[in-house]
Amino acid sequence: MKKGKILILGAGSIGSYLAAKFFRANYHVDVIGRKADRIGEYLLINSKRYDFPPTSKEISAQSSYDFVFLTCKIYDLKKNLINLSKTSPKSKIIILLQNCLFDISEFEHTYQKDFTSVLVYDGFNLNNNKLKHTKGSGFLVGNDKYSESLLQLFKNSLIETRTTSNIVQHRVEKTIFNCTTNIFSATYSRTLRELFADDEITKHMKNVLYESYEVLSKEIEINQDKQEMWKKLTLQAKNLDHYTSTHQDVRENKVTELSYLNGFIIKLGRRVGVATPYNIEAVNNFKRKHPNLY
């Protein structure tokens, strides 16, 4: 017997991973996304075969879902939310899963929906129907009215998950971490391990982290200092043989989310009066190599 119904909007690395794991756990899973058809009948996660659910082209207004996961790129998020609003399938919990999104209030106010968000501290790299999963500290769920249901879903699907009483702080931290690593991985085509092995690149990354921290700290109180944050990132990432999602986008000649990461820091810096020369330099270096992907 199926345990419940799940809709996943976005069939990239994380969306396909969740789809395969939920399907293996005997949930009914509907998947909509550009990459979904490329996966086919099964997904190989670290060479282990998982049956993949059938994919759909559009949302069915007649459907009812226990969980709706928006795992799409942030530039597709509003479009998918509008589509979701127009079709209005019955949905109990809507989960946003965008790692460069530190504030979801805009979407709550715009669409009058009550969302929750999940963060990912693992690495995923999808190539057709082969997915490399690099283990980090798993998925992070905020402690809200939806946390119990989400934790049970992830537990049933054998996905490592933990909770936090302050998901906003973790979203801020993840935004700063992604600003620090993603753009360099994409610009230099290097894994995290390779980035930290290069002293010159490491120095630039540290400057970007400190600068991004200074900008965001004008917008929100951050409960750790920038030195602690740099040390934490170094410990977590320096030994990971993982290409960031932005590098994966460049490899597939796709527009990246960098305008929502380093670009966001630059815009916010202008508004709050903090100079951002290191983020600007990193963006300009990326644009010189990939002018159409920013």
Side-chain angles (χ1 to χ4, degrees), residues 1-33 35-36 39 41-43 45 50-74 76-99 101 104 107-108 110-122 124 131 133 138-165 167 170-171:
M1 181 182 294
K2 298 290 183 185
K3 296 176 180 177
K5 290 191 70 176
I6 300 170
L7 172 63
I8 296 178
L9 291 174
S13 300
I14 296 173
S16 61
Y17 172 82
L18 292 176
K21 296 286 281 188
F22 294 154
F23 196 55
R24 166 71 67 89
N26 206 30
Y27 287 91
H28 175 103
V29 182
D30 290 333
V31 185
I32 299 174
K35 288 185 177 180
I39 295 172
E41 295 181 356
Y42 64 91
L43 178 69
I45 302 177
Y50 287 78
D51 289 336
F52 200 76
T55 59
S56 306
K57 296 295 183 184
E58 58 185 27
I59 302 169
S60 170
Q62 286 72 45
S63 294
S64 177
Y65 294 101
D66 298 288
F67 304 92
V68 176
F69 283 86
L70 287 114
T71 60
C72 54
K73 295 293 185 182
I74 193 168
D76 285 331
L77 182 55
K78 282 190 177 182
K79 178 185 71 177
N80 280 325
L81 283 170
I82 290 170
N83 194 18
L84 197 62
S85 179
K86 285 180 178 178
T87 53
S88 297
K90 294 179 181 178
S91 50
K92 295 179 181 177
I93 305 176
I94 299 177
I95 304 103
L96 305 186
L97 223 158
Q98 285 74 31
N99 278 334
L101 194 63
I104 65 173
F107 301 100
E108 291 174 331
T110 302
Y111 300 101
Q112 301 298 307
K113 297 287 186 181
D114 189 14
F115 302 129
T116 191
S117 64
V118 173
L119 287 175
V120 186
Y121 284 89
D122 286 357
F124 298 91
L131 180 70
H133 174 206
F139 287 70
L140 186 65
V141 174
N143 190 10
D144 58 25
K145 62 184 179 181
Y146 301 122
S147 58
E148 186 175 341
S149 297
L150 280 170
L151 286 172
Q152 191 61 55
L153 168 64
F154 284 118
K155 181 180 179 181
N156 291 344
S157 306
L158 303 180
I159 297 172
E160 184 177 344
T161 316
R162 55 198 174 95
T163 59
T164 176
S165 59
I167 192 73
H170 286 277
R171 285 204 299 264

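Note that the structure is predicted; figures quoted are calculated from it, not measured.
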V29 and P53 have their tightest heavy-atom pair at O-CB, 3.5 Å
Checking L81, L7, I95 against L70 for side chain to side chain contact (heavy atoms under 4.5 Å, CB included), the one that qualifies is L81
**Asked** Salt bridge between K73 and D76, side-chain N to carboxylate O under 4.0 Å?
**Response** no
Interatomic distance, NZ@K145 vs CG@L150, rounded to 0.5 Å, equals 12.5 Å
- F154 backbone acceptor or donor facing S157 side chain under 3.5 Å: no
Checklist entry - Tell me, do L9 and I59 make a side-chain contact under 4.5 Å, heavy atoms counted? => result yes
message = Using side-chain heavy atoms (C-beta onward) and a distance below 4.5 Å, is S63 in contact with Y65?
response = yes
CD1 of I39 to OG1 of T55, rounded to nearest 0.5 Å, is 8.5 Å
- Query: Are any side-chain N or O atoms of N156 and backbone N or O atoms of Q152, one a donor and one an acceptor, separated by less than 3.5 Å?
  - Reply: yes
In this structure, NE2 of H170 is separated from CD1 of I167 (nearest 0.5 Å) by 6.5 Å
Shortest non-hydrogen pair, S64 vs K5, comes out as O-CD, 3.4 Å
Distance col, row K21:NZ vs L43:CG, nearest 0.5 angstrom, shows 10.5 Å
Check: Is any side-chain heavy atom of T87 less than 4.5 Å from a side-chain heavy atom of S60?
Finding: no
Open item on the list: Are I6 and F23 packed together at the side-chain level, in the sense that at least one heavy-atom pair is separated by less than 4.5 angstrom?
Closed with: no
Q. Given D66 and K92, is the salt bridge (Lys or Arg N to Asp or Glu O under 4.0 Å) satisfied, shown in steps?
A. CA-CA 5 Å; D66 298 288; K92 295 179 181 177; 3.2 Å; yes
*asked:* Do K155 and T161 have side chains that approach each other closer than 4.5 Å (heavy atoms only, starting at C-beta)?
replied: no
Next item on the list: Show your working on side-chain contact (heavy atoms from CB on, under 4.5 Å) between I32 and N80 and close with a plain yes or no.
Entry: CA-CA 10 Å; I32 299 174; N80 280 325; over 6 Å; no
To the nearest 0.5 Å, atom OG1 of T116 lies from atom CG of N143 at 10.0 Å
Ring-ring centroid check Y27 F67, cutoff 6.0 Å: no
Here the gap from I8 atom CD1 to S56 atom OG, rounded to the nearest 0.5 Å, amounts to 11.5 Å
Check your understanding: Between F22 and I159, is a side-chain contact (heavy atoms from CB on, under 4.5 Å) present by the stated rule, with each step listed?
Key -> CA-CA 9 Å; F22 294 154; I159 297 172; 3.9 Å; yes
Would you call the rings of F139 and Y17 parallel, tilted or perpendicular, taking 30° and 60° as the class edges? parallel
Practice task
Would you check if the side chain of Q98 reaches a backbone N or O of C72 as a donor-acceptor pair within less than 3.5 Å?
Solution key: yes
H28 and D30, any side-chain heavy atoms less than 4.5 Å apart:
yes
